[in-house]
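Read through the structure below, which is laid out as structure tokens, and then see the notes.
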Amino acid sequence: MSATAPITQDVHTIPRKLPEGPINLVGLRRDAMRDVLIEHGTPEKQAKMRVGQIWQWIYVKGLRSFDEMTNLSKDYRAKLAENFVIEVPEVVTKQVSEDGTRKYLVRIAGGHEVEVVYIPEEGRGTLCISSQVGCTLTCSFCHTGTQKLVRNLTPAEIIGQVMVARDDLGEWPEPGTPNDEARLLSNIVLMGMGEPLYNFEGVRDAMKIAMDPEGISLSRRRITLSTSGVVPEIAKTAEEIGCMLAVSFHATTDDVRDKLVPINKRWNIAELLDALRAYPKVSNSERITFEYVMLDGVNDTDEDAHRLVELIKGIPAKINLIPFNEWPGAPYKRSSNNRIRAFAHIIYKAGYASPIRKPRGEDIMAACGQLKSATERARKSRKQIEAEAGISGNA
Ligand code: SAH
Ligand code: SF4
């Protein structure tokens, strides 16, 4: 019997079904867009130029209809409209927190819903996007982990989250130059629902679109992918995406990490650290963010802090301490502020930046790890509303 029973489901190997009906141009990389245009009658010689034009309309101007693409002939526009659509997820609800954080509940094909969180900060704004509906992993402190995976998001649904946020922020067509401080949506973090490295291709294609210099044009340094530690995909991330990497580290011994982040049973701390050591060189990024959720009495002692510093020696790193965000039925408590500060101090003294993440949008359940409960609450309240309005919930 194998000692390492499979604890994850390799969903990234399940091919995506091609949609029936018109093809969505959103989410296709330039080469793929060129192929579908040619397949539907665009002369090969013109295809590259047409991709350039359409790309600009979609990703610079933010258009959603072929009608308005005024540098294309009327006939060509009509032909495009016959075969293609420009489709992004539908925003079902939007909530705005007291601290300005915005949370969107968006609906994707099949009626599934995911959450997208926009966090405005001084001189910048970060969009936290989801890569899967639910998650196959079962980290014991994460509410998303208690929701079974429903499916991977398509590249269109991933980049579409960025597009709907820009709609809401009114950031088409002039978001400022790529590194402009004035951009409202200046950074993306893949820290919403799901494990991005179990949807590698979907995430890669969407992020390539976000980085395209003639479109949304975000620098790869402004995109951070957070993984629980899918070791074989880490090198691929460096090579094929090249974005910044964050890792959900959360423990300093395999015993504790096995419990908190069960993927550790498949790839343990030593294997993870090897992969992380190689990352900055290959991706040419400065440093890796170690995320560390502070759980009272579980992983928050001074010894843990010292061990952490020892483990990561030699890796350019920043340690992001995340006060645990509670959710109904959670088996953990947040470490006290004093404990978190003492832990941070040890790491800081060892020469690492050790910011304590300020929970944002707690009043709208938008903070890290709270996303599932938010969805369920939203669902419930809609059901209640329907019940009160006497709408029967026929399937
Ligand atoms: N699946 C990826 C990305 C999504 S989770 C990953 O695990 O890295 C984004 C971050 O939120 C991770 O560091 C995760 O460990 C953390 N997180 C999850 N639940 C949390 C909670 N209840 N409180 C605080 N942080 C949490
Ligand atoms: Fe999945 Fe990340 Fe939550 Fe773990 S922490 S269950 S990998 S979303």
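Reckoned from all heavy atoms, side chains included, excluding hydrogens, waters and symmetry mates. Owing to the predicted nature of the structure, the values given are computational and were not obtained by experimental measurement. Numbering of ligands and ligand atoms starts at 1, following listing order.
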Ranked by distance from atom 2 (Fe) of ligand 2, the top protein heavy atom is Gly194 O, 4.5 Å
Distance-only side-chain donor-acceptor flag, Glu195 / Ser131, under 3.5 Å
no
Report the C-alpha separation of Tyr292 and Phe249 in whole Å, then their side-chain angles, then the decisive distance to 0.1 Å, and conclude whether the ring pair (Phe, Tyr, Trp, His ring centres under 6.0 Å) test is met.
CA-CA 6 Å; Tyr292 199 98; Phe249 208 66; 7.3 Å; no
For atom 4 (Fe) of ligand 2, which protein N/O/S atoms fall under 2.8 Å? Skip waters.
Cys139 SG
Mind checking side chain to side chain donor-acceptor pair (under 3.5 Å) for Ser336 and listing every partner two or more places apart, or none if nothing turns up?
none
Would you please indicate yes or no on a ring centroid separation below 6.0 angstrom for His250 and Phe141?
yes
Which pairs count as salt bridge (Lys or Arg N to Asp or Glu O under 4.0 Å) when at least one residue sits in residues 327-343, sequence neighbours excluded?
Asp302-Arg339, Arg334-Glu362
Taking atom 6 (C) of ligand 1 as the point of reference, which of Ser130, Ala330, Ser248 owns the nearest heavy atom?
Ser248
Would you say Ser226 and ligand 1 have an N/O pair spaced under 3.5 Å apart?
yes
Option with minimal heavy-atom separation from atom 4 (C) of ligand 1, where the choices are Cys139, Gly192, Gly229:
Gly192
Do Val85 and Val36 belong to the same hydrophobic cluster, where Ile, Leu, Val, Met, Phe, Trp and Tyr are linked whenever their side-chain heavy atoms lie under 4.5 Å apart, directly or via other members?
no
Test of understanding: with ring pair (Phe, Tyr, Trp, His ring centres under 6.0 Å), list the residues that count as partners of Tyr104, not counting sequence neighbours.
none
